[in-house]
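Encoded as structure tokens, the structure appears first; notes follow it.
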Amino acid sequence: MTRLSGYLLPTEKEAPADAEALSHKLMVRAGLVRQLAAGMWTYLPAGWRVHRKAAQIVREEMDAIGGQEMLMPVLQPAELWQRSGRYEIDELFKLKDRREADLVLAMTHEEALTFHMAREVRSYRDLPMILYHMQVKERDEPRPRAGLLRTREFVMKDSYSFDRDLGGLERSYERHVTAYDRMFDRSGLEWYRVEADVGMMGGLGGHEYMAPCAAGEDDVALSDTGYAANVEVARATAAPVEGLPAPAAEPQPVDTPGATTIEGVSGLLEVPAGALIKALPVMRGDGTPLLVVVRGDHRLNEIKLQNALGGPTRLATEGEIRDVFSAPPGYIGPVRAEVPVLADEALMAMRGLIAGANEEGRHLRGVEPGRDFEAEWADIRTVEAGDTCPGGATIRIEPAIEIAHIFKLGTRYSDPLNARFLDEEGKERHIWMGSYGLGPARMAAAAVEQFGDEKGISWPRSISPFDLHLVTLGQEGEEAREVADRLYDELRSLGLEVLYDDRDAGAGEKFADAELLGCPLRLTVGRRGLEKGEIEAQVRRGREKRPLALEGAATAAAELWRELP
RNA sequence: CGGGGCGUGGCGCAGUCUGGUAGCGCACUCGGCUGGGGGCCGAGCGGUCGCUGGUUCAAAUCCAGUCGCCCCGACCA
């Protein structure tokens, strides 16, 4: 029984003053969610229905690849995390119990499940295995934001695969790709599977599932040949620089007083920014200096740099630039540099470039990488719109929400937590693991972002809080009320989930609330239609209205509903 | 962590500069009208002005501290 007169659906005319993202505004306005504190959100009944529907799709597809659902605690002993090496992560909530024992609130469940599998798996005969749960995750985010898009507590479906070797892991991974592709197809979202950074912890590869939308926190590089990668790792051929100066037989000094930035130098010398060499002095983790150079119009990609070097770097301080790099800040360059040089591949084979001369107020023209300085080469820049993808098509960049992340862990956790088994030869081996996360709340928020309009939300059928929104404009005792009551029962007996707006409210208010909540199909029963023997159907997406004959209206509505996205 | 902004009934805001009876719209309650796009009339309920301390005869307003929330950036196994 879902009659709006007795249902907690507190809609608001105005969005919270501090909301920016569309999904934040609309989910609050539609009465789906309410904020408790920064990054902490309550799901009201209709909002929780959406979450449950998304979760159910995920559950069905996980079960379809042989996943076994279970449940693990959020509250965990610190010791497990100390053993895995993740105890020092800033985002990890740490606390003590009354006996002063150290505990944590889990941000994912690799430690817990690996702990169990280390005890339960003895033999290769116990493998492979896929286990999953849907459980709250806790993360002390530096900055929660945008409603449900980045919260400190959220439900995640996390699954873990356990295999005897890399080949097994690859197979388990592929099964997850299949399941995830199906989940997101079923969800009605627009989505991409993209190559993702595996971070320092992964190492064996991974993918992210991204839902493009304006409020997205990540940028995705896409092309018409199907190339799709997070810009953190995307690779592409740089667009050539137009208007390069002529090459020179050797570097020529040129006075550039006061020009310490790319804009300053390119303006002064009247050359495009791409004709310059941007030099970034960095210090490696072991304290050794490195001069990183990229094309003047390109941006250094710190993740790629970190992956290329196998460790993090930081920008050198002004003092270090003078002392270690022996150059005045603003005039550093790779020619006759006193430190090793790492150059971005986009600079390869370029001629006639301009670089800092390592002297105050002076640059060099006609620089050629390879001829005028030696360097290690690597792909360390961020790709840009207009670059060319490996398939030969033009790259475009779109913002997107990360709705899922899957990757191959290898023995990252089975090693420190001693999850091993005996193979056929009686040899002890580490279990190969994969981990696969997915946020149902982000699926919901992404759907709001992708399909919301000026009137409100427009849910895909599969995750809408209700299938149908039935509005009666009749008062108690009037025909339009009795017909709607009857229709409500008929629709439900056809297996549809119906929200019945039986409130004593004006037509405008009911219509506005229905469009705000965004069920895919709205049915209106009013005197005006009944006089013609009709009720009105409105498809939310597009808001097109059409009459349905009163006779057989429930069946006709059900058929119409089945055709909706 | 760096930068910016905001805390006044449930929501959205004014009042703060220039100290002196806390106000508006929406929502809510009651009565009446209306009944196909947030309708109308009337009468009401509801606020320690985030918190603590200070200045003052007097503080939403001035000062200090503190807490909370939002945005941009950094960060995001």
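Proteins come first, then strands; the chains are lettered A, B, ... in the order of their sequence lines, and each starts at number 1. A quick note: this is a predicted structure, and the numbers were derived from the prediction, not measured.
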Report task. State whether the side chain of A/Glu88 and the backbone N or O of A/Gly85 hold a donor-acceptor pair below 3.5 Å, judged by distance alone. Result -> no
Query raised in the report: Hey, is the main chain of A/Gly434 close enough, under 3.5 Å, to the side chain of A/Ser161 for a donor-acceptor pair?
Result: yes
Once you apply the 3.5 Å cut-off to both distances, tell me the Watson-Crick or G-U wobble partner of [N], or none.
{"N": "B/rA74", "value": "none"}
{"N": "B/rC62", "value": "B/rG54"}
{"N": "B/rC69", "value": "B/rG5"}
{"N": "B/rG46", "value": "none"}
{"N": "B/rC26", "value": "B/rG10"}

Requested in this report: Look at the aromatic rings of A/Phe184 and A/Tyr209 and report parallel, tilted or perpendicular, splitting at 30° and 60°.
Outcome: tilted
Query raised in the report: Between A/Tyr488 and A/Tyr500, what is the ring plane arrangement, given parallel below 30°, perpendicular above 60°, and tilted in between?
Result: tilted
To the side chain of [X], which of [options] is closest?
{"X": "A/Glu14", "options": "B/rG12, B/rG37, B/rG38", "result": "B/rG12"}
{"X": "A/Glu12", "options": "B/rC69, B/rC75, B/rC11", "result": "B/rC11"}
{"X": "A/Glu20", "options": "B/rG36, B/rC71, B/rC13", "result": "B/rC71"}
{"X": "A/Arg86", "options": "B/rC11, B/rA77, B/rC75", "result": "B/rA77"}
{"X": "A/Lys13", "options": "B/rG39, B/rC71, B/rG36", "result": "B/rG39"}
{"X": "A/Ala512", "options": "B/rG38, B/rC72, B/rG36", "result": "B/rG38"}
{"X": "A/Gln475", "options": "B/rG35, B/rA74, B/rG36", "result": "B/rG35"}
{"X": "A/Pro16", "options": "B/rG12, B/rG36, B/rA77", "result": "B/rG12"}

Requested in this report: Identify the heavy atoms of A/Leu105 and A/Leu92 that sit nearest to each other, and give their distance.
Outcome: O-CD1, 3.5 Å
Query - d(CG, A/Asp501; P, B/rG36) in whole Å - result: 15 Å
Once you apply a heavy-atom cut-off of 4.0 Å, does [X] come out as touching a base, just sugar-phosphate, or nothing?
{"X": "A/Asp90", "result": "nothing"}
{"X": "A/Lys545", "result": "base"}
{"X": "A/Pro10", "result": "nothing"}

Phosphate-side-chain proximity, [X] and [N], N/O vs OP1/OP2 below 4.0 Å:
{"X": "A/Arg145", "N": "B/rC71", "result": "no"}
{"X": "A/Gln538", "N": "B/rG37", "result": "no"}
{"X": "A/Arg143", "N": "B/rC76", "result": "no"}
{"X": "A/Arg34", "N": "B/rG10", "result": "no"}

Query raised in the report: Is a donor-acceptor contact shorter than 3.5 angstrom present between the side chain of A/Glu509 and the base of B/rG39?
Result: no
Requested in this report: Using heavy atoms to find the nearest nucleotide of RNA chain B for A/Glu110 and A/Val525 separately, return the residue whose nucleotide is more 5′.
Outcome: A/Val525
Report summary line: Sorted by position of nearest nucleotide on RNA chain B, 5' first, the leading residue of A/Ala37 and A/Leu530 is A/Leu530
Query raised in the report: Have A/Tyr413 and A/Arg86 got a donor and an acceptor in their side chains that come within less than 3.5 Å?
Result: yes
Report task. For B/rU61 and B/rC26, measure between their P atoms and round to the nearest Å. Result -> 29 Å
Query raised in the report: Taking atom P in both B/rA60 and B/rG19, what distance in whole Å separates the two?
Result: 13 Å
